[in-house]
Amino acid sequence: MSVLEDYAQIRGLMDSTIGKALGDEVASGLREKIQQKAREKVYSYPAKSKRRMEDGGLIAEGNLAASVSGLTLSMENTSEPQHAGGTALTPIVEEGWSNWHQPGPRRFMDEARNAYVDSGEAESAISAALAAAGFTIA
């Protein structure tokens, strides 16, 4: 094999390992951080209607959909309001739509991502996955 072929093989293994870590450990950690931030920023306010939280609300496991494309992890909150089928709930909460009787914008998705990345947890998860695959992390 040539040096270029060796590099391509190693790079392919690295990308595959990182992609798997993004879809598994990193997505799981980010999901937990989103749930934490939503509890702090959204569910700490009193509401006039019943709060769904884990039961179809903003912190329901099934509503936090992760996808990996290449080396990019995307996390989408697919929650819908209780009485407005087809409308996404996250922009309503984060932008603070006045006609939804809210206390104003309550941003939690970007804050969760920033807190998770800035804490070093994402980097640690990826480093651990690379080390488990036999790569030396320095």
Side-chain angles (χ1 to χ4, degrees):
M1 261 195 221
S2 71
V3 172
L4 186 57
E5 290 170 327
D6 286 345
Y7 169 77
Q9 183 179 18
I10 292 167
R11 179 63 193 248
L13 179 57
M14 284 179 61
D15 288 354
S16 173
T17 302
I18 292 169
K20 183 168 176 9
L22 288 171
D24 295 339
E25 295 86 6
V26 176
S28 177
L30 179 56
R31 191 174 284 116
E32 288 175 16
K33 191 62 76 175
I34 290 169
Q35 291 167 328
Q36 174 193 348
K37 288 292 181 185
R39 280 187 179 90
E40 292 171 10
K41 298 277 190 173
V42 179
Y43 293 113
S44 62
Y45 291 94
K48 294 179 181 178
S49 60
K50 180 182 179 262
R51 307 305 291 271
R52 295 174 298 155
M53 297 177 73
E54 292 95 352
D55 188 26
L58 293 169
I59 59 176
E61 289 281 333
N63 289 348
L64 296 168
S67 62
V68 177
S69 177
L71 298 177
T72 302
L73 168 65
S74 297
M75 182 77 67
E76 180 182 6
N77 196 316
T78 62
S79 304
E80 294 182 1
Q82 293 183 49
H83 307 294
T87 302
L89 179 59
T90 303
I92 294 169
V93 171
E94 291 203 321
E95 295 167 18
W97 293 4
S98 60
N99 59 332
W100 285 81
H101 310 291
Q102 296 188 66
R106 294 165 292 163
R107 292 178 175 83
F108 66 99
M109 292 290 287
D110 286 345
E111 280 193 28
R113 181 202 59 224
N114 293 342
Y116 183 66
V117 171
D118 292 348
S119 72
E121 293 175 75
E123 182 180 347
S124 293
I126 293 169
S127 293
L130 287 168
F135 290 95
T136 302
I137 308 301

Quiz item: With a 4.5 Å heavy-atom cut-off, do Q35 and E61 have their side chains touching?
Solution: yes
Quiz item: Roughly how far, to the nearest 0.5 Å, is the CG atom of L89 from the CD atom of E94?
Solution: 9.5 Å
Quiz item: What closest approach, in Å, do A66 and L73 show between heavy atoms, and which atom pair accounts for it?
Solution: CB-CD1, 4.0 Å
Practice problem: Could you tell me whether the side chain of K33 reaches within less than 4.5 Å of the side chain of E121, counting heavy atoms only? | Solution: yes
Exercise. Verify the cluster assignment for V68 and M14: are they in a single hydrophobic cluster under the rule of side-chain heavy atoms below 4.5 Å apart?
Key: yes
Quiz item: Is there side-chain contact between I34 and Y116, with at least one heavy-atom pair below 4.5 Å?
Solution: no
Quiz item: Taking everything shown except F135 itself, do over 12 heavy atoms lie less than 6.0 Å from its CZ?
Solution: yes
Exercise. With rounding to the nearest 0.5 Å, note down the distance linking CD in E111 to CZ in R106.
Key: 12.5 Å
Quiz item: Would the number of heavy atoms belonging to other residues, nucleotides or ligands and lying under 6.0 Å from CD of E40 be above 12?
Solution: yes
Quiz item: When clusters are formed by joining ILVMFWY residues with side-chain heavy atoms under 4.5 Å apart, either directly or through shared neighbours, do V117 and V26 land in the same one?
Solution: no
Exercise. Side-chain contact test, heavy atoms from C-beta onward, threshold under 4.5 Å: evaluate it for L58 versus T90 and give yes or no.
Key: yes
Quiz item: How many angstroms lie between atom CG of L130 and atom CD1 of I18, to the nearest 0.5 angstrom?
Solution: 4.5 Å
Quiz item: Where the side chain of S2 meets the backbone of E5, is there a donor-acceptor pair that is under 3.5 Å apart?
Solution: yes
Quiz item: Is there a chain of hydrophobic side chains (I, L, V, M, F, W, Y, each step under 4.5 Å between heavy atoms) that links I10 to L71?
Solution: yes
Quiz item: About how many Å separate CG of L22 and CE of M75, when rounded to the nearest 0.5 Å?
Solution: 10.5 Å
Practice problem: Rounded to the nearest 0.5 Å, what's the gap from CZ on R113 to CG on D118? Could you check? | Solution: 9.5 Å
Practice problem: Establish whether I126 and L13 are linked, either directly or via other cluster members, by ILVMFWY side-chain heavy-atom contacts under 4.5 Å. | Solution: yes
Practice problem: Supply the atom-to-atom distance N77 CG to N63 CG, rounded to the nearest 0.5 angstrom. | Solution: 6.0 Å
